[in-house]
Each structure stands twice: as C-alpha cells, then as structure tokens.
There are 2 protein chains.
Amino acid sequence: MDLPSTRGLQALAALKKAPSLSKAAETLGVTRSALSHRIAELERQLGVTLVRQVGRCGKLTEDAESLLMVMGDALDRIEAAVTPLRRRRGQLRISTVATFASHWLIPRLPDWQHLNPDVELAISTTTRTIDLTNEDFDCAIRHGLGDWKGLTATRLFNETLLPVAHPHISELSSNSTVIRARSRFRDWNRWWRLSGKVGDPPGRSVVVETRAQAMDAALAGAGIAAMDLAYAAPHLASGRLRALDATVPLPEGYYLVTKGGHKSRADTIRRLEIWLLSQAQTNNPQG
Amino acid sequence: MDLPSTRGLQALAALKKAPSLSKAAETLGVTRSALSHRIAELERQLGVTLVRQVGRCGKLTEDAESLLMVMGDALDRIEAAVTPLRRRRGQLRISTVATFASHWLIPRLPDWQHLNPDVELAISTTTRTIDLTNEDFDCAIRHGLGDWKGLTATRLFNETLLPVAHPHISELSSNSTVIRARSRFRDWNRWWRLSGKVGDPPGRSVVVETRAQAMDAALAGAGIAAMDLAYAAPHLASGRLRALDATVPLPEGYYLVTKGGHKSRADTIRRLEIWLLSQAQTNNPQG
DNA sequence: ACAACGTGTGAATATATCTCACGCAATATC
DNA sequence: GATATTGCGTGAGATATATTCACACGTTGT
C-alpha cells in the first residue's frame with residue numbers, strides 16, 4: 001500500500017488548526033501556493049476532495065475530517081520520534097589517536113570552526129584501534145599503511161621522522177641523550193637505519209610513556225627526540241625546537257578513514273576531508 | 001519542523017519486520033535498491049546511522065530501534081485513515097438529469113466500460129439542479145446555456161428539436177395529435193415558432209409527465225413528440241421513429257460541468273470529457 | 001576457488017515539491 | 001456602486017526526492 005507523503009498530511013493538519021490556508025502556510029514556513037499544491041497532490045493521490053472553498057476561506061470536507069480523526073496524532077508521534085535524533089545533526093564524531101589529536105588536530109580546530117561554524121567536531125581519542133563499523137563514529141583518523149579492508153581511507157600525509165631538540169642542543173652524536181616513547185620505541189632505530197647511520201643509536205636515553213611526553217621532554221631540553229615532522233613543524237618554525245639531522249620518510253602515514261554502508265552525513269565528511277587535506281599541505285596550524 | 005517522508009519511515013519499519021533488506025523490499029513491492037536509497041536518504045536527513053551491515057544482512061542501530069519505538073503505530077494509523085478514502089478512487093460520481101441519463105448516457109455505458117475498465121461511472125439523477133460545490137459529485141451534466149458561474153462548463157452538444165412519431169404516422173398537420181411532457185411543456189410552442197410555422201401548434205395533445213414518457217408514447221404511436229435529436233437519433237436510425245419535419249436548434253445545450261477548487265481527479269474527468277465529446281459526435285450509441 | 005546471496009552506488013529518469021507571477025472570486029471600505 | 005484587500009487556484013520553471021537498472025564489493029557456503 002502506497003502511503004501519502006507526510007508533507008500533504010501535515011498540510012491538511014495545519015489547515016485544520018489554522019483558519020485559512022495562508023495562516024497555515026505561515027505556521028509551516030512555506031508559501032500558500034506550496035500548501036495549495038500539497039493539498040491538490042494529496043487529493044489526487046486519494047481521489048477525494050479534501051478542501052472546499054466556502055466564502056473566501058478553505059474548509060475541510062467530511063472526508064478530510066475523518067482522515068485527520070483516524071490518523072490522530074500520528075504526525076506528532078513521528079516528530080517526537082525524529083527530533084531527538086536530529087539533535088545530533090551538527091556534530092561529526094571523530095575517533096583518533098591521542099598524539100594526532102593533541103599535536104595536530106586540536107591546534108587547528110579554531111580554523112575549522114571559523115570555516116564551518118555549523119559543524120562541531122567531537123574528537124574522541126582511544127589507545128585501541130576502534131571498530132568503525134560497529135561503533136557510533138562518523139569517521140576516524142588512523143596511523144598505518146592505509147590498507148584497512150572494508151573501509152575507505154584517504155591519506156592525509158606520510159609520516160616523516162627527524163631528530164629534534166631544544167635549540168641549545170646543537171648536534172646529534174653518539175654521546176647524545178635520546179628520548180624514546182614507550183609506545184613508539186622502535187622509532188629511533190628506524191630513523192637511524194633509514195638515515196644511513198652505521199652502528200646503533202646513542203645508548204643514553206630517556207624513556208617516557210607517550211609521544212606527546214617525548215615532545216614535552218624535547219621542548220624542555222632533556223634530549224633529542226625522533227619526532228614526526230608534522231608534529232614538530234610549529235615548534236621548529238617558532239624556534240622552540242631545532243632540527244638536528246635529516247628527515248626520513250616512513251611507509252606509514254595518517255589516514256582519514258570512513259566506513260562503508262549508508263554514510264549518514266557524507267557531505268559533511270567530504271568537507272572535513274577537503275579541510276584536512278588543505279591543512280596537511282600548509283603543515284602549520286593558524287595562530 | 002521538517003518531517004521525514006513516509007517512504008523512508010515505511011522502509012525502516014519494513015526492515016525491522018523482515019530479516020533482510022531484500023525481503024522487506026519485496027513486501028513493499030519495490031526494488032532492494034529503492035529501499036537502500038530510502039534508508040540512505042532518511043539517514044542523511046536525520047544525520048544518524050540507522051542501518052549497519054553485520055555479516056551479510058543489514059541490522060538496525062539503536063537509534064533506529066528507538067525511532068520506531070517512539071513512532072509506534074503512526075504509519076498504521078495513517079494507512080487506516082487513508083484506506084477507506086482510497087476505496088472510492090475508481091469511481092466517478094456524476095449528477096445528471098433523468099432524460100440524459102436514460103436516453104443518452106446509459107445506452108453508451110458499455111462503450112465507456114470497455115474503454116475504461118478501471119473507472120466506474122456512478123450516475124445519479126435528480127430533478128433539482130444540484131449544488132456541485134457543496135455536494136460530493138465529481139462532475140455533472142446539465143441542460144442550459146452554459147453560464148454557471150464559478151463552474152467550468154464544456155458543451156457536449158446543442159439541443160435540437162424535431163417532431164418524431166411512429167412510422168405509421170406520416171405527416172404533421174393541424175389535425176395531428178402532439179405529445180407534450182409536463183416538464184418541458186413549452187417545447188412544442190418553441191419548435192412551432194422557430195421552424196417558421198404560423199399560428200398555433202395542433203390543439204389535440206396527449207400530456208405525459210416526463211420527456212422519457214413522451215418518447216415511449218411516440219414509440220407506441222400515440223402521437224407526435226417534439227424530441228431532442230440526440231435522444232431520438234437511435235430510434236430514427238432503427239426505423240422505430242420517423243422524423244416528420246425540420247430540425248431546429250435551441251440556444252440551450254448539454255454541458256459537462258466541473259467545479260473549481262482542487263479537482264480531486266482531474267485526469268479521470270478529462271478522460272470522461274474526451275469520451276463524452278467523441279460520443280456526442282457519433283450521435284449514436286454502440287449496439 | 002567458485003557460486004549464491006545480500007548490499008551499496010552512480011547514472012538516468014520519473015515524481016514531487018517549491019516559489020513566483022498571475023488571474024479570479026468574495027468581502028471591506030469609501 | 002467603484003475600488004482596494006484578502007484568500008485562493010493554476011501554470012511554468014527550478015529544485016529536491018524516488019525509482020530502477022546495471023554493476024561492483026563483501027560474506028557465506030560447497
């Protein structure tokens with residue numbers, strides 16, 4: 001059975017409450033003409049006259065009255081069911097890793113808010129890799145090779161490591177103190193090998209828990225950190241950190257990941273993607 | 001507040017009952033693809049994920065479940081409200097005068113039914129002129145000058161009077177017996193004058209109640225009737241009646257009259273109009 | 001590996017819906 | 001009575017929504 005559109009029924013219901021079609025149109029925020037057409041379309045679908053012009057106002061016929069009577073508060077029910085869901089419309093839920101959030105995304109948030117005042121980014125950081133298809137996130141930003149199956153991934157930037165330290169540290173040698181993050185312990189070894197150094201990296205090291213702490217330690221002058229260029233860039237630009245050697249690219253990168261299935265707000269995600277890519281190019285947050 | 005379309009909600013409801021999207025589509029009589037798009041559109045409007053692919057079937061999210069829960073039987077209510085009205089869809093209610101119905105329209109009904117098996121004509125004959133704008137008729141066929149204000153009238157044919165009688169009556173003279181219908185008593189005088197005769201019509205007359213009875217009386221050989229050509233034509237063709245003198249046109253005619261306002265089934269009425277006009281040209285019912 | 005099933009997606013097309021400008025009818029106002 | 005004023009319906013044109021078809025992807029059996 002083919003149901004009539006909500007628009008038509010809504011028009012009829014509004015017409016019952018308001019004295020005239022014009023007033024009803026006003027309450028719905030559309031033209032009188034639109035309402036007139038809605039009624040006409042509904043009448044065409046049902047094959048019944050619903051509104052009859054008496055005097056200079058429209059009056060509902062018995063058919064229309066009975067329709068509304070039987071329908072009851074069906075429209076209100078629908079509205080009640082739909083409203084709480086719609087409330088979350090202006091929000092884009094993003095899951096990402098802590099370092100990316102605090103050292104890349106969050107510093108750039110003011111720019112996003114300026115360009116997209118209607119979309120609030122809700123950033124959620126987790127240590128574990130979240131299962132996008134089962135949890136209620138619209139997208140995620142992940143670190144890896146971009147080969148997550150069943151998901152669409154667009155590369156934001158490749159990871160590139162370089163040794164950075166407080167400006168008063170002027171060189172990297174076998175005597176230097178290096179800062180290692182437990183979560184990315186192998187970074188120093190990888191940089192060492194990829195940059196063509198021989199032997200092992202300096203043995204003297206400070207070990208911290210997370211990469212964010214490694215950054216803090218480097219800023220404080222505790223030693224030399226192998227940091228991602230994207231994260232170090234603002235500090236290098238401001239002079240709070242100094243690059244001590246070559247920058248080497250890693251095969252991994254940072255990716256914006258979206259799930260398949262019905263994408264509930266594909267257009268907003270698309271805007272986010274474009275913005276992220278443009279931000280990834282400038283490599284520096286505003287302000 | 002902008003309500004989502006019934007189609008989308010209906011799709012969601014069907015998806016809850018059926019195990020898979022394909023089955024749901026079957027129950028609604030549309031393609032799987034259509035249902036998929038409906039859901040996607042609904043999700044876009046609400047900005048919420050409603051269906052999530054788990055395994056190889058789609059499963060409703062909590063949001064979708066709660067939506068359906070709050071909405072309750074709203075859709076059923078709408079369907080219940082709409083169904084009884086739709087039942088009258090295949091019917092076109094026509095109000096007309098008795099003579100036109102019995103001597104013109106009804107003999108032609110088989111042809112209409114053959115051409116339009118989906119539309120049943122419900123013919124209602126009344127002596128009084130019905131108020132189309134207030135009563136539940138889709139259209140009317142009226143006799144008159146076609147100047148009914150507020151209504152749209154299309155002429156089917158002009159009225160044309162001629163004297164007819166049983167074939168054994170061979171001439172119209174001042175000695176003839178004329179048949180008069182009380183409802184159209186002046187017809188004989190009008191014909192007499194308009195056909196250029198001098199003096200008065202024959203004084204010897206049989207008076208019956210209606211024009212239909214006048215026709216019967218003429219067929220029975222009771223005298224000469226001043227009959228409308230459109231009504232007499234089939235009898236003239238079959239030889240049961242004979243035309244005894246000139247045919248004179250009257251200013252009145254028969255009109256298909258439709259009301260303004262929202263025309264609940266303009267397309268069907270349009271088909272009726274075309275059919276009536278074609279029938280008016282042939283001037284003879286089939287069979 | 002391969003087929004069978006269940007889906008999502010994009011293009012092309014058909015419906016629905018909206019706004020705008022216009023004309024007509026019924027009331028108000030002079 | 002003439003003349004605004006209010007309330008409508010209608011057609012054209014633009015935009016949004018729905019539908020189908022053909023195709024590609026992932027999952028589940030054999």
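Numbered from 1 within each chain, the chains take letters A, B, ... in sequence-line order. Not measured: the values here are computed from a predicted model.
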Could you write out each protein N or O paired with an N or O of nucleotides 17-20 of chain D at a distance under 3.5 Å?
residue	atom	partner	partner atom	Å
D/dA18	OP1	B/Ser5	OG	3.1
D/dT19	OP1	B/Arg38	NH2	3.0
D/dT19	OP2	B/Arg38	NE	2.7
D/dT20	OP2	B/Thr31	N	3.1
D/dT20	OP2	B/Thr31	OG1	2.5
D/dT20	O5'	B/Thr31	OG1	3.0
D/dT20	O4	B/His37	NE2	3.3

Got a sec, which residues hit salt bridge (charged side-chain N to carboxylate O under 4.0 Å, His left out) with [X], two or more places apart in sequence or on another chain?
| X | answer |
| --- | --- |
| B/Glu273 | B/Arg270 |
| B/Glu120 | none |
| B/Asp73 | A/Arg77, B/Arg77 |
| B/Glu65 | B/Lys16 |

In this structure, how many angstroms lie between the [atom2] atom of [N] and the [atom1] atom of [X], rounded?
| X | N | atom1 | atom2 | result |
| --- | --- | --- | --- | --- |
| B/Gln53 | C/dT9 | CD | C1' | 13 Å |
| A/Leu15 | D/dC8 | CG | P | 8 Å |
| B/Leu3 | C/dT17 | CG | P | 13 Å |
| A/Leu28 | C/dC18 | CG | C1' | 13 Å |
| B/Lys259 | D/dC8 | NZ | P | 18 Å |
| B/Leu21 | C/dT9 | CG | P | 12 Å |
| A/Lys59 | D/dC8 | NZ | P | 12 Å |
| A/Leu60 | D/dG7 | CG | C1' | 15 Å |

Problem set entry | Overall bend - the helix from C/dA1-D/dT30 to C/dC30-D/dG1, comparing terminal axes fitted on five pairs, nearest 10 degrees | 30°
Can you name the side chain to side chain donor-acceptor pair (under 3.5 Å) partners of [X], sequence neighbours left out?
| X | value |
| --- | --- |
| B/Arg44 | B/Glu41 |
| A/Asp118 | A/Arg271 |
| A/Ser183 | none |

Seminar exercise, completed: Residues pairing under side-chain hydrogen bond (donor to acceptor under 3.5 Å, both in side chains) where one sits in residues 249-258 of chain B, two or more places apart or in two chains, turn out to be B/Arg190-B/Glu252, B/Arg211-B/Tyr254, B/Tyr231-B/Tyr254
For this session: If a pair satisfies side-chain hydrogen bond (donor to acceptor under 3.5 Å, both in side chains) and one of its residues is in residues 30-40 of chain B, list it, with sequence neighbours excluded.
Result: none
Exercise. For the side chain of B/Thr61 and the backbone of B/Thr49, is there at least one donor-acceptor N/O pair under 3.5 Å apart?
Worked result: yes
Exercise. In terms of side-chain heavy atoms of B/Ser36, which of D/dC8, D/dG9, C/dG8 is nearest?
Worked result: C/dG8
For this session: State whether B/Ser22 places a side-chain N or O below 4.0 Å from either non-bridging phosphate oxygen (OP1 or OP2) of C/dC5.
Result: no
Problem set entry | Under 4.0 Å protein heavy-atom contacts per nucleotide of nucleotides 24-30 of chain D, with B for base, S for backbone only and - for none | ---BS--
Problem set entry | Pair A/Trp275-A/Asn116, side-chain donor/acceptor within less than 3.5 Å | no
